[in-house]
Number of protein chains: 2
Amino acid sequence: MFRTHTCGQLRLSDVGKEITLSGWVQRVRDKGTLLWIDLRDRYGITQLFLEEGQSDAKLFEQARSLGREYVIRVTGTVAERESKNPNIPTGEIEIRLSKLELLNASKTPPFTIEEKSDGGDELRMKYRYLDLRRNPLKNNLTLRHKLAIEVRQYLDKQGFLEIETPYLIKSTPEGARDFVVPSRMNAGEFYALPQSPQTFKQILMVAGYDRYFQIVRCFRDEDLRADRQPEFTQIDCEMAFVAQEDVLNTFEGMAHHLFQSVKGIDIGTFERMDYATAMKLYGSDKPDIRFGMQFVELNDLAKGKGFSIFDDATLVVGIKAEGCAEYTRKQLDALTDFVKRPQVGAKGLVYVKYNTDGTFKSSVDKFYSETELKSWADRFGAKPGDLLLVLSGEEEKTRKQLNELRLEMGNQLGLRDPNVFKPLWVTDFPLLEWDEETKRYYAMHHPFTSPKPEDIALLDTDPRKVRANAYDMVINGVEIGGGSIRIHDRELQRRMFSILGFSDEEALHQFGFLMNAFEYGAPPHGGIALGFDRLTAMFAGLDSIRDVIAFPKNNAGRDMMIDSPSTIAQAQLDELALKINKKD
Amino acid sequence: MFRTHTCGQLRLSDVGKEITLSGWVQRVRDKGTLLWIDLRDRYGITQLFLEEGQSDAKLFEQARSLGREYVIRVTGTVAERESKNPNIPTGEIEIRLSKLELLNASKTPPFTIEEKSDGGDELRMKYRYLDLRRNPLKNNLTLRHKLAIEVRQYLDKQGFLEIETPYLIKSTPEGARDFVVPSRMNAGEFYALPQSPQTFKQILMVAGYDRYFQIVRCFRDEDLRADRQPEFTQIDCEMAFVAQEDVLNTFEGMAHHLFQSVKGIDIGTFERMDYATAMKLYGSDKPDIRFGMQFVELNDLAKGKGFSIFDDATLVVGIKAEGCAEYTRKQLDALTDFVKRPQVGAKGLVYVKYNTDGTFKSSVDKFYSETELKSWADRFGAKPGDLLLVLSGEEEKTRKQLNELRLEMGNQLGLRDPNVFKPLWVTDFPLLEWDEETKRYYAMHHPFTSPKPEDIALLDTDPRKVRANAYDMVINGVEIGGGSIRIHDRELQRRMFSILGFSDEEALHQFGFLMNAFEYGAPPHGGIALGFDRLTAMFAGLDSIRDVIAFPKNNAGRDMMIDSPSTIAQAQLDELALKINKKD
């Protein structure tokens, strides 16, 4: 028997019991005649105690020789502590040892295994098994488990079936790059790893499984930006015989259930906002609505007054920072620097201070009278003491820049409390995006998304204006998931592929099985996919997904712990009929 | 609104309600003035009814034009049926239609969508979305979902955390062949898809997550025999601070929970049998113990009497088929043919009939007296009316052949009732297997399995005799899962690799991360992996796993529906720095 209890379990009510624990030595405090060991396992820390004279001398020596992270089994009696530690659940007791057995020694870890580690990123990824011993990571993975359990519980109760779809599927050039898997039995042919089970879940709808879900790994061979992983996990869902409203209600319900059951929070009803409004008011399709600071347009007030920067701009637009009129020169310069960073890309920043005495001070005093600035302030609904921050330029870019500035101001003013959650549905996304470089349309969501019926006529005349039955779940400015009502009509699907530049042959070659399936009684259907890593990170209060994944890869797609990818044996290449064709 | 109810929901108590249903047309029965439609969805079938004169004439025409598998939405009133169908839950009611809307038409399916389809295997796999509409497949996938839910519920309650391990890992030549994934960002390097998360789950134990599980996809690039899939699903589990007994009890508990919650069956306590006994009594490491018919050895009684076949054999061994003494010549010839099939490989079969009148009739009467045959019968504990079936030859082969014969007799005598479940733990497997061809040892389970402490000394002197702390869960002769207590000591692991013919460098190159992890406080640990496809098939009463998988591949590893694997674009190959090197 390795243990009668865990290291997080014993309390005052257990005093007097003889117990056995196993775990890792977190710390040994040796005060000469008294010695304490903090013994750690997944469940907590229990203090072990030895006193010279009282305890066996050999036992004392043994305890003294223990190092950090040694694995031991101990037996002893639960006793009340003299000086209690109110910060841990086992803080009122300690174990008076009668027996100690070394199960495994440990080298000295290359970094500390505490709440905050002193290890660098690369080192911690190489020794992931040590980093995973730290509480923050343990809490993240426990949270992830709990979330997965609750997702399944909710969806099971709603009649969803979890159905596994294959990982060895077929490569399709549309969308992101696939990882491919050479087939040995079919030399020269390849499987691909799924970027999502999209076509399979639609096939399941055609097959009559009207409520499907799967917590499933997805793969994208992208050049990794910060916080993207080549493999990631998705809560993938699809429903048949539904309209958009049914999907939104079902997954709003799921979000409620998760926040309630895991965090004990009622997040309330989701706000709804169409894409056009989100772009207009926030310059983003995933606005953080924990705070207002909505965009205010000034074209009519600001143009034609001789300020050429505004005059040349297609859009003059700003936000109001309440109570910030007393920002210093230095603070304003810092904001200007912020918007001029290449990641934001603005040329400059115009400010207008609405001073508490009712006067105005701005960076464009030369061009605008106090009355004119007052009319700006009125448009913003500004009060004395407020600060207006104004950007200008080409419409789409300017909105994006102002979005960045708004989020930065939200951060600076403490308006983005990670313990407050404001969920939002963004709806009515455009169906298509025009790509200047390749001179073709791309599906904004994916090629299976249905246009709004009332916009179908525009497909021929003005495809850019066609809105889709597509929606995103956004919480605190983070896109948690997205979905759409799908096309279920073969002819409309063919037309969609044709708009996307597929010949009929290409469409059939790649998606023939789905288009054929549409001819055998495809029901109306739609669904959603939620980023499970992202959702967990949000619940954990983290910006990055890396530490909610047990074994993440670094930005070069490399697993530092197992040192992969790596070369394979020539015999393996030969069996796969492959040659490496490296250009140096 | 597509539906107010499902097609499996309405009952007599709903009579009079106006309802809306959506689903597929299973059948239209047109009796001229009366017309019935069977409407099907995932939940059942509801009968729709129209009567000429009573119903709108246009509606009647519309209904008449429907074909099989058309998708429709209907509105009508629930009414009591005149002639009730007691075989379906909705059999007491029908819907008097007031409205019918065609949601999607269907071509005529290439095979019938009924309990038993008339479609061949290849056709059904190509049109998998139609085959999946059939009840048997729907029941299988629903069962699979339910089993997964219950597995998670049980393990969660036992304190296990589900932790996702990576799918893009590192290729290791030991064991079966890996599928590999070329890395674009690291030209010439490859990931591999996991054959199991073995090393990662051990790493999680080192990381302190003392109870891990995962329902996880695994991949093996093997030449596919019947009923093997290149990707399959495993319930993968690991525990730290446990001995073998703890693991067996935990997963015996899980099996109990599954049989109880899903089938309402108490399967009782698992029998235990060590590998040596299983081989001796059943010639198999996965005996079907729903019936006895244990092996009885006859060397001392049967050899040395001038029958050269027995005299030349190292083993003479048989089984007793109770009450089969009256088998005809034809039946006995058929059994002889059975054992002589190449898959079984015996040279012949000796029978001894213990006639009801107490006399004996055998195929070796020339060599053995009645008294001698009586001594055989006594050894078997045979009664008049029983039949003895005896094989001989080289020991291991003969046992395997007799195992086949025993199972065949079990089938013929109806002793293998699929509704009876007899679980068994087979323990104490050999650690190593000698391979004559490559003249080296292979790990019988895997290289991380720990030898029994009392057998470690034999590693140097007689490795073949070393028993492992390894165990299989066997139910009704099917290996449902297997596991072991692992090595957690770096030095023992190094020695194990060395016995398996790895140089220290090779071992470090492939498994260095695990061996290094063992130096930082690895706890004692062990685990098990259960075949989830196989488990589901057993619960479904099926011999094959193919129809408990939504989208299986055929024996050539091909997905017939999506037609994969397939060629990829030259640009993809170029990006991956690969050339195809096909030999014609």
Side-chain angles (χ1 to χ4, degrees), chain A residues 2-3 22 24 42 69 71 104 106-107 129 132-133 141 145 149 156 161-163 166-171 179-181 183-191 203 206-208 210 217 221 231 241 513 517 519-523 550-551 557 561-562 564-568 577-582, chain B residues 2-3 22 24 42 69 71 104 106-107 129 132-133 141 145 149 156 161-163 166-171 179-181 183-191 203 206-208 210 217 221 231 241 513 517 519-523 550-551 557 561-562 564-568 577-582:
Chain A
F2 281 99
R3 53 187 175 187
S22 289
W24 286 263
R42 183 183 130 199
E69 301 305 318
V71 186
N104 219 338
S106 174
K107 286 189 182 173
Y129 43 90
L132 284 170
R133 288 184 188 166
L141 294 190
H145 163 78
I149 288 276
D156 177 56
L161 293 180
E162 185 160 25
I163 298 176
Y167 281 120
L168 296 174
I169 65 164
K170 187 171 176 162
S171 187
F179 283 105
V180 296
V181 181
S183 164
R184 179 179 54 86
M185 288 203 276
N186 308 272
E189 297 190 340
F190 292 78
Y191 302 99
I203 285 285
V206 177
D210 59 8
R217 204 71 53 83
D221 185 11
E231 48 178 315
F241 301 118
F513 65 100
E519 298 198 299
Y520 288 95
F551 302 103
M561 183 182 78
I562 63 173
S564 169
S566 58
T567 55
I568 58 173
L578 288 180
K579 258 177 88 168
I580 291 170
N581 192 24
K582 230 168 172 172
Chain B
F2 281 100
R3 54 186 175 189
S22 289
W24 286 261
R42 183 183 130 199
E69 302 304 319
V71 187
N104 219 338
S106 174
K107 285 189 182 172
Y129 42 89
L132 284 170
R133 287 184 189 165
L141 294 190
H145 164 78
I149 289 275
D156 178 56
L161 293 179
E162 185 161 25
I163 298 176
Y167 281 121
L168 296 173
I169 66 164
K170 188 171 176 162
S171 187
F179 282 106
V180 297
V181 181
S183 164
R184 180 180 53 87
M185 289 205 275
N186 308 273
E189 296 189 341
F190 292 78
Y191 302 99
I203 285 285
V206 177
D210 59 8
R217 203 71 53 85
D221 185 11
E231 48 178 315
F241 301 119
F513 65 100
E519 298 199 299
Y520 288 96
F551 301 103
M561 183 182 76
I562 63 174
S564 170
S566 58
T567 54
I568 58 173
L578 288 180
K579 259 176 87 169
I580 291 170
N581 193 24
K582 228 168 171 172

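Per chain, numbering begins at 1; letters A, B, ... match sequence-line order. Side chains included, hydrogens not; waters and symmetry mates left out as well; all remaining heavy atoms used.
In terms of heavy-atom pairs under 4.5 Å with chain B, the best-connected choice from A:Ile203, A:Val71, A:Leu161 is A:Leu161. When the candidates B:Phe551, B:Phe2, B:Phe190, B:Tyr520 are compared by the number of heavy-atom contacts under 4.5 Å with chain A, B:Tyr520 comes out ahead. Interface remark: of the candidates A:Gly557, A:Pro166, A:Ser171, A:Ala550, A:Pro166 forms the most heavy-atom pairs closer than 4.5 Å to chain B. Annotation: maximal heavy-atom pairing with chain B below 4.5 Å, among A:Arg184, A:Met561, A:Glu519, occurs at A:Arg184. Taking chain B as the reference chain and counting heavy-atom pairs below 4.5 Å, the highest number among A:Leu168, A:Ile169, A:Ile149, A:Leu141 is found for A:Leu168. In terms of heavy-atom pairs under 4.5 Å with chain A, the best-connected choice from B:Ile562, B:Asp156, B:Val180 is B:Ile562.
Residue contact with chain A, scored on non-hydrogen atoms closer than 4.5 Å, involves the side chain of B:Asn186 exclusively. Looking at B:Met185, only its side chain comes within 4.5 Å of chain A, counting heavy atoms on both sides. Proximity to chain A is limited to the side chain of B:Ile163, based on heavy atoms less than 4.5 angstrom apart.
For A:Ser566, the side chain to side chain contact (heavy atoms under 4.5 Å, CB included) criterion is met by B:Lys170, not counting sequence neighbours. In this view, B:Glu189 and A:Arg558 satisfy the side chain to side chain donor-acceptor pair (under 3.5 Å) rule, not counting sequence neighbours.
Side-chain N or O atoms of A:Asn581 include none that pairs as donor or acceptor with a backbone N or O of B:Lys579 at under 3.5 Å. Using modelled atom types, no side-chain atom of B:Tyr129 and backbone atom of A:Ala522 make a donor-acceptor pair closer than 3.5 Å.
Ring-plane geometry between A:Trp24 and B:Phe241 is classed as perpendicular, the angle between the planes exceeding 60 degrees on a 0 to 90 degree scale with a lower cut at 30. Ring pair A:Phe179/B:Tyr191 is perpendicular by interplanar angle, where above 60° counts as perpendicular and below 30° as parallel.
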(request) Could you give me the CA-CA distance, side-chain angles and deciding distance for A:Arg133 and B:Val206, then say whether side chain to side chain contact (heavy atoms under 4.5 Å, CB included) is met? (result) CA-CA 9 Å; A:Arg133 288 184 188 166; B:Val206 177; 3.4 Å; yes

